[in-house]
Amino acid sequence: MRVTDERLSLTAPSNRQLRADGGGRRTDGTGSDGPTCPNSLIVVSNRQPYRHEYDTAASTAGSDRPATTADAATGTDETVPESTDETDTRPITVDEPTGGLTAGLDPVLQQAAGTWIAWGDGDADFDVTDEHDCVAVPPNDPSYTLQRIALSDEAIDSYYYGFSNRVLWPLCHGFTDLVETRSNDFEWYRTVNERFAEAVREHATADSVVWLQDYHFALASQMIRDRVPQSTTVAQFWHIPWPTSTTFQHCPAGRTLLEGLLGNDLLGFHVDRYAERFLDCVHRYLPAADVDWDRRTVTSGEQTTRVVATPMGIDAESYDQDARSVSASQRSSLFDRYDIARENVIGLGVDRLDYTKGIPERLAAVERFLEWNPSSHGEFTFVQTATPSRTDIPAYERYGEFVRSEVERINQRFGTQAWNPIVYTEDYLSAAELCALYRRADLMIVSPLVDGMNLVAQEYVASSVDGDGMLLLSQGTGAHETLGSHALTIDPTDTDGVARQLERALSLSPAERHLRMNTLRKRVFDGNLEWWMTAQFDWIRRVRNETLRDDATRVADSDAEREFDSNSEADSDSDPDSDSDFDPYERTSSV
């Protein structure tokens, strides 16, 4: 069915190409070459697709790496040549993308022979680059250029751990009490954005598409716009929530950030409410900008920014295949490692150790469930995996300590010598191990207080190949927009409500569990990562074509105006009675 309403089409500009049944197999009978980008593609992201590291386990000759010094003026790291003939002979290993957007974009860049610009954070990164800090990737079959930006320790602390994650992250998630403004953080943020913009300028042509990723580059788009040809297309996707205008007023340099983002031709968010909030912030804090609410465009000067909402997906087929390939022995080994009874009912939580994820609230709901259901003791185990994150920021350190203390308290309250209700680990889990947990879990609780999208919910659904799992999903996630109708909706702050939904999940009939999960799986496979990237590139094409048409119209109007002026001057020169101050509108009004 064709979507004719403009506001609906902003969310779904093209038909979804990938269909899947409950088992995750293609049902349309067609293959797919994957998303293709219009024109040459330059991706800008904080995270790089390939990282070069020294193999520290290998024997070395001359074990110390060359020393580095930080240039405080530019934020660059400069390698200091060694004064001896000894060289580091440790082998260099390459970490390759294994999932998420990075892995999804890698083949697109290979196809486009494009350029990826990112922070080089591997300890051997700049020992394999050329004089321009570029290296051809993938290593075994080079097809595109990775340019690495070197950052000093001070730049990393202020740009990344500072303004990005002490200001923008808590602000956009509504934690204004955790916003921490430190001197120099914003200036470093500006400086690093400028360095990325300069790197883009070196690669961009009139036909290029520049695609920036996330909140680390709120200023870079306008900086790039000022440095590249007018016909270069600049787009950005904001992967985290956008705050309400009331919350945004707490943002240091908020107007400057809005002006920076309006350098984009296309600005993408996951869901409609984030796009609407952004437009509201522009309307309130940049009164000179013209907001068209129906078309979701902002015009500032001669620049027009289209704002769209397209929910991001995952590589669902990979999770499906990994879950199917997990053997019984692998699952048994995982359960033995963490002393989980194989016959127990398993609940699951998988998160970064981040204060937005609602882990203490989830644990409180599990505790309430245990209070209400003594018969579940010894028969129900909740497995919580937590990946430490941004531990240099005090708020994260405090959060981790609180989560661990809550786990210990609940286990002491209900646990026995043979059973703990909560199995908590911060261990690294491989993709196979994670998919084994996803597949085995009877239910999963995804309870962020607020989350831009939450891909973990989709990973669980894609890995639930037996179709009998249940998803409890926070209404504060972007994923709730597409999955909420067939998941069990929860308000993470309502402890009793989450506990009741947990009880409900365990009491549903097998038929209803299968119906719900198969519907969720269809949605996750329909809206997978490939669909999302295709939607982004479709929008980029549309915006680029609109811009080219507008530019052509302006040129034509300008030529016509010059021709009219030239003819008028000629007529004036040939008519001795001509009045040089003649104004047709003034004459008409006087009559």
Side-chain angles (χ1 to χ4, degrees), residues 10 13-14 33-49 97 101-118 134 136-137 143-147 149 193 196-239 260-269 296-298 302-310 312 529-552:
L10 291 173
S14 64
D33 295 328
T36 57
C37 178
N39 306 88
S40 63
L41 178 62
I42 301 171
V43 169
V44 179
S45 70
N46 187 65
R47 182 183 177 188
Q48 59 179 335
L101 177 62
T102 306
L105 275 175
D106 181 59
V108 176
L109 266 293
Q110 293 182 41
Q111 181 188 63
T115 302
W116 194 315
I117 302 172
C134 294
V137 292
S143 56
Y144 71 91
T145 299
L146 170 61
Q147 178 172 352
I149 304 297
N193 274 237
F196 275 86
E198 278 297 309
V200 169
R201 181 186 61 80
E202 295 170 4
H203 297 277
T205 67
D207 293 328
S208 292
V209 171
V210 182
W211 195 22
L212 298 98
Q213 303 299 321
D214 226 348
Y215 62 101
H216 310 92
F217 304 108
L219 304 179
S221 297
Q222 186 59 58
M223 295 174 176
I224 292 169
R225 172 59 58 210
D226 293 339
R227 289 167 166 80
V228 299
Q230 183 178 353
S231 60
T232 302
T233 302
V234 183
Q236 186 164 1
F237 197 89
W238 192 269
H239 289 270
L261 289 170
L262 292 182
N264 287 292
D265 298 295
L266 180 72
L267 179 60
F269 296 94
R296 282 189 184 168
T297 60
V298 179
E302 294 187 358
Q303 173 66 31
T304 296
T305 302
R306 167 84 72 161
V307 180
V308 299
T310 46
M312 182 178 172
L529 181 63
E530 181 178 319
W531 172 85
W532 178 79
M533 286 194 294
T534 299
Q536 295 302 299
F537 294 145
D538 283 351
W539 271 116
I540 287 172
R541 288 186 185 91
R542 177 173 172 176
V543 168
R544 182 176 181 84
N545 290 338
E546 288 176 350
T547 301
L548 291 175
R549 284 197 300 269
D550 291 345
D551 289 346

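Every heavy atom of this structure was used, including side-chain atoms; hydrogens, water molecules and symmetry mates were not.
- Panel note: side chain R306, backbone G268; no donor-acceptor pair is recorded below 3.5 Å.
- Checking side-chain atoms of W116 against main-chain N and O of Q48 turns up no donor-acceptor pair under 3.5 Å.
- Under 4.0 Å is where a charged nitrogen must lie from a carboxylate oxygen, and between R201 and D226 no such pair does.
- The CH2 atom of W531 sits 10.0 Å away from atom CG of D538, with the distance rounded to the nearest 0.5 Å.
- Here the shortest heavy-atom pairing between R544 and S231 reads NH1-O, 2.9 Å.
- For the pair V43 and L109, the minimum side-chain heavy-atom distance is below 4.5 Å.
- Here the options are L262, N264, V234, the test is side chain to side chain contact (heavy atoms under 4.5 Å, CB included), and the partner is R225; only V234 passes.
- In this structure, the side chain of T145 does not engage the main chain of T115 through any donor-acceptor pair within 3.5 Å.
- Across every non-hydrogen atom of G263 and Q222, the tightest pair is CA-OE1, 3.2 Å.
- Using a 4.5 Å heavy-atom threshold, the side chains of I224 and L212 count as touching.
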For salt bridge (Lys or Arg N to Asp or Glu O under 4.0 Å), just list the numbers for R542 and D265, CA-CA rounded to whole Å, side-chain angles, deciding distance to a tenth of an Å, and then say yes or no.
CA-CA 10 Å; R542 177 173 172 176; D265 298 295; over 6 Å; no
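- For the pair D214/N46, no side-chain contact is recorded, criterion being any heavy-atom separation below 4.5 Å from C-beta on.
- Heavy atoms from other residues, nucleotides or ligands lying under 6.0 Å from CZ of R227 number more than 12.
- Nearest heavy-atom pair across P49 and Y144 is CG-OH, 3.5 Å.
- Nearest heavy-atom pair, Q236 versus L261, reported as atom, atom and distance to 0.1 Å: OE1-CD2, 3.5 Å.
- Side-chain contact check for W238 versus V307: every heavy-atom pair is 4.5 Å or farther apart.
- Atoms OG1 and CD1, on T233 and I42 in that order, are 11.0 Å from each other to the nearest 0.5 Å.
- Closest approach of N193 and A220 over heavy atoms only: OD1-N, 3.0 Å.
- Side chains of Q536 and W211 form a contact here, defined as non-hydrogen atoms less than 4.5 Å apart.
- Checked against the 6.0 Å centroid threshold, W539 and F237 do not count as a close aromatic pair.
- We find the NE2-OG distance between H239 and S45 to be 9.0 Å, quoted to the nearest 0.5 Å.
- Listed for the S208 side chain is no donor-acceptor partner under 3.5 Å among the backbone atoms of V210.
- Of all the heavy atoms in G104 and L529, the pair that sits closest is CA-CD2, 3.5 Å.
- Residues L105 and M533 form a side-chain contact, since some pair of their non-hydrogen atoms from C-beta on lies under 4.5 Å apart.
- Side-chain atoms of L101 and W532, non-hydrogen and from C-beta on, do get closer than 4.5 Å to each other.
- Within the 3.5 Å criterion, the main-chain N or O of T205 finds a donor-acceptor partner in the side chain of T232.
- T304 is not listed as a side-chain neighbour of E546, based on a closest heavy-atom distance of 4.5 Å or more.
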